[in-house]
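A note on names: the letters A, B, ... follow the listed sequences, proteins ahead of strands, and every chain is numbered from 1.
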Amino acid sequence: MSLTARGNERVAVVVDPTPGSAAGAAVVGVGLAQCLALDDLPRLVAQVEAEQAPRWTWWSAAHDARPLVAARVSLARCWDIAEAHRLAAGGWQASPPLAWATARGLEPEGLPQPAAGDLFDFGAADAETAAPDAVVRADGYLRPEAGSPAWPMDSARLLAWAQAALECAAGQEDRLAGADPRALATAHSESAAALLCVELERDGLPVDRGTAERLIRESSGPRPTSEGHAREVRAQRDAQVLRHVPGRESTDLRNPLQVRELLASVGVVVPNTRKWVLAPFRDTHAVVDALLEWRKAERIATTYGYGWLAAHVGSDDRLRGAWTACDGAAGRMTAQNGLHNLPATLRPAITAHAGHVFVRADLGQIEPRVLAAVSGDRAFAAATRADDLYAPVATALGVERPIAKVAVLAAMYGQRSGAAGEALKGLERAYPTAMAYLDRAYAAGVRRAPLRTFGGRAIPLDQVLTQDSGGSPTGEPTRGGPHHGGPTSALHGGPISAGHESERHDREGADSAARSAARDAARGRFARNAVIQGAAAELFKAWAATVRATTRELGAQIVLCLHDELLVHVPEDSAEQTRERLLTALDDSARRWTGSTEVRFVADASIIQRWSDAKA
DNA sequence: GATTTCACGTA
DNA sequence: CGTACGTGAAATCC
């Protein structure tokens with residue numbers, strides 16, 4: 001490898017990980033081995049970027065790149081050790097010691113635990129370490145207390161921390177490239193996505209505060225001026241429902257049990273009060289419709305109301321939340337503070353700022369097109385050449401388009417209800433390669449066999465949490481677990497007990513076999529879905545990374561990533577050019593990702609003022 | 001106080 | 001037509 005070849009050299013940037021202390025940062029690579037204050041970091045990095053354009057390497061962008069992003073230093077190529085580890089190993093856990101051990105081929109089971117704080121632990125850890133300042137222990141594992149106050153960083157330690165990052169990344173690269181050449185490209189785009197996530201959090205989503213306030217007011221009432229007023233507004237809202245049930249005005253609408261009783265009293269007997277259970281009773285009694293409308297308003301009031309506006313929309317009228325480049329399951333991006341689940345009614349409030357517009361683009365029929373690509377089904381690939389993929393599929397099956405669409409979706413996601421029967425058989429005949437790909441994923445899920453997406457991401461099947469899935473018609477969550485604490489919860493939370501649940505069910509005898517079968521099937525559906533959803537996420541991130549790189553000079557900012565949709569905030573004058581580059585970026589990233597042009601990907605891209613302007 | 005359940009928004 | 005995620009309120013556990 002030539003030392004002068006741009007983009008081929010690694011340079012590690014690490015920021016002191018120790019909470020509370022700040023030894024600054026270290027930069028190691030291309031002949032540099034330097035510790036410096038955080039304030040001096042951006043200038044050095046910008047200079048090296050201009051001269052060498054190396055592959056910036058860090059334990060995680062969220063920590064190490066944050067000061068660079070804050071200083072608006074823009075970097076082209078990076079390697080995110082945490083993301084590369086998630087790709088290689090699956091799941092969410094990606095601490096430096098774990099990533100290091102995996103990159104070195106060491107058993108994760110042997111990971112040394114950080115000292116609990118007592119003297120014996122401290123002594124034991126020390127005994128394993130070659131030298132007091134060494135980051136790597138004699139047994140090859142990373143020192144577990146690195147990054148904790150038990151091992152405060154100084155210049156020497158920080159340099160060793162950076163050197164370890166370089167070695168870890170090199171190990172990851174070797175392993176990924178050896179396992180699957182495509183995984184290397186995926187690691188690059190996942191790393192770029194992780195850096196983009198830090199930029200997304202910095203830039204925020206432009207909001208028209210006045211419109212947001214108006215929409216909130218129209219839905220859930222005026223901004224409360226006092227505790228008493230707030231109660232009054234709430235009571236007003238509740239009264240719209242309770243007026244339909246005289247004598248039961250004391251019902252707490254926020255209590256599902258009480259709501260169930262209330263409904264029973266008017267003859268609506270339901271197992272729960274979820275929306276899709278109540279919907280059929282809308283005409284049975286006026287209270288049902290009123291309740292469902294109340295729920296919408298209550299959602300806005302509690303989750304997306306004035307408090308939300310105050311907490312998450314800055315004085316610069318930008319909505320901000322934390323982003324992650326991949327969840328712990330299939331690898332989608334996640335976002336907090338409503339960025340990913342803003343109710344459609346509030347979308348008119350997402351408005352480009354003065355002198356700017358949005359370029360919005362979304363991938364059309366992304367999942368079936370991805371299926372064509374990842375399965376290598378030539379016939380199905382041929383169908384992707386149509387703007388509407390379902391049209392040629394319908395022709396091939398000899399059915400109407402809506403039937404063809406339902407059949408394809410049923411095949412990809414696995415239906416539990418309804419009937420796409422005959423059309424599904426037609427799919428098996430017309431596209432056996434694609435269908436076999438889905439069947440293999442399902443089977444691997446059931447058997448807990450190793451499974452990877454097209455881009456090389458390991459799909460975690462050993463820790464998938466599924467509650468019994470035998471019940472409700474649609475939308476019922478099949479995964480439990482706590483849900484506070486971001487993507488570190490549930491699935492990603494580490495060694496989730498696979499055992500105790502089955503023990504609990506053993507007492508139920510014959511029931512336990514049924515539960516076990518239901519869990520197997522749920523895992524199969526998860527796996528079948530994950531190879532599609534995960535691959536789509538990989539393509540999407542490759543696209544987003546390319547857009548980021550190719551539109552930056554136009555003053556464009558990616559402000560929202562929504563699974564198959566990009567929202568780019570750009571000066572008016574650059575809008576059309578940005579739009580064209582979005583489409584070019586899709587062609588380029590799809591060609592690189594699939595390795596051919598067999599499968600066509602399409603995007604709808606428009607220039608708009610408000611997010612809500614686009615949805616056709 | 002922490003965890004679980006219910007509910008619902010987005011793709 | 002399934003999977004995934006984030007959020008809040010109330011219930012429940014400890």
**Request:** Go through H85(A) and W92(A) one step at a time and tell me if the ring pair (Phe, Tyr, Trp, His ring centres under 6.0 Å) criterion holds.
**Result:** CA-CA 9 Å; H85(A) 177 78; W92(A) 174 258; over 10 Å; no
Interatomic distance, [X] [atom1] vs [N] [atom2] [rounded to whole Å]:
X	N	atom1	atom2	result
R525(A)	dA4(C)	CZ	P	9 Å
Y304(A)	dG6(C)	OH	P	12 Å
H340(A)	dG9(B)	NE2	P	18 Å
L461(A)	dT3(C)	CG	P	14 Å
D238(A)	dA9(C)	CG	C1'	13 Å
D252(A)	dA9(C)	CG	C1'	9 Å
E298(A)	dC6(B)	CD	C1'	14 Å
N272(A)	dT4(B)	CG	C1'	16 Å

**Message:** Between E298(A) and R254(A), does any side-chain N to carboxylate O distance fall below 4.0 Å?
**Reply:**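 Yes.
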**Lys/Arg-Asp/Glu bridge criterion (N-O < 4.0 Å) met for E213(A), R223(A)** =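 Judged by the 4.0 Å cut-off on N to carboxylate O distance, E213(A) and R223(A) do form a salt bridge.
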What's the closest nucleotide to the side chain of [X] if the choices are [options]?
X	options	result
R254(A)	dA11(C), dC1(C), dA9(C)	dA9(C)
N341(A)	dG9(B), dA11(B), dG8(C)	dG9(B)
P256(A)	dC1(C), dA4(C), dA7(B)	dA7(B)
T334(A)	dT10(B), dG2(C), dG6(C)	dG6(C)
Q336(A)	dT3(C), dG8(C), dG6(C)	dG6(C)
A344(A)	dT7(C), dT10(B), dA7(B)	dT10(B)
L562(A)	dA11(B), dA4(C), dG8(C)	dA11(B)
Q533(A)	dC8(B), dA9(C), dG2(C)	dG2(C)
R347(A)	dA4(C), dA10(C), dA11(B)	dA11(B)
R274(A)	dC6(B), dA4(C), dC1(C)	dC6(B)

**Touch class at under 4.0 angstrom, heavy-atom based, for A335(A) against every strand present** =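 Sugar-phosphate, no base atom in range.
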**Request:** Check every strand shown and say whether L342(A) touches a base, only sugar-phosphate, or nothing at a heavy-atom separation below 4.0 Å.
**Result:**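 If one applies the 4.0 Å heavy-atom cut-off, L342(A) turns out to touch the sugar-phosphate alone, with no base involved.
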**OP1 or OP2 of dG9(B) under 4.0 Å from side-chain N/O of K275(A)** =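 Checking K275(A) against dG9(B): at least one side-chain N or O falls below 4.0 Å of OP1 or OP2.
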**Request:** For dC6(B), take OP1 and OP2 only and decide whether either is under 4.0 Å from a side-chain N or O of T273(A).
**Result:**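 Checking T273(A) against dC6(B): no side-chain N or O falls below 4.0 Å of OP1 or OP2.
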**Asked** T334(A) and T324(A): side-chain donor and acceptor closer than 3.5 Å?
**Response**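 A donor-acceptor contact under 3.5 Å links the two side chains.
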**Asked** Does any donor-acceptor pair link the side chain of R299(A) with the base of dT7(C) at a separation under 3.5 Å?
**Response**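 Indeed, a donor on one side and an acceptor on the other fall under 3.5 Å apart.
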**Message:** With a sphere of 6.0 Å drawn around CD of E249(A), does it hold more than 12 non-hydrogen atoms of other residues, nucleotides or ligands?
**Reply:**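 Yes.
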**Asked** Should the ring pair F358(A) and H569(A) be called parallel, tilted or perpendicular, given that the plane angle runs from 0 to 90° and is split at 30 and 60?
**Response**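 Ring orientation of F358(A) relative to H569(A): tilted.
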**Request:** Using the closest heavy atom to pick a nucleotide of DNA chain C for each, name whichever of N337(A) or R332(A) lands nearer the 5' end.
**Result:**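 It is R332(A) whose nearest nucleotide is closer to the 5' end.
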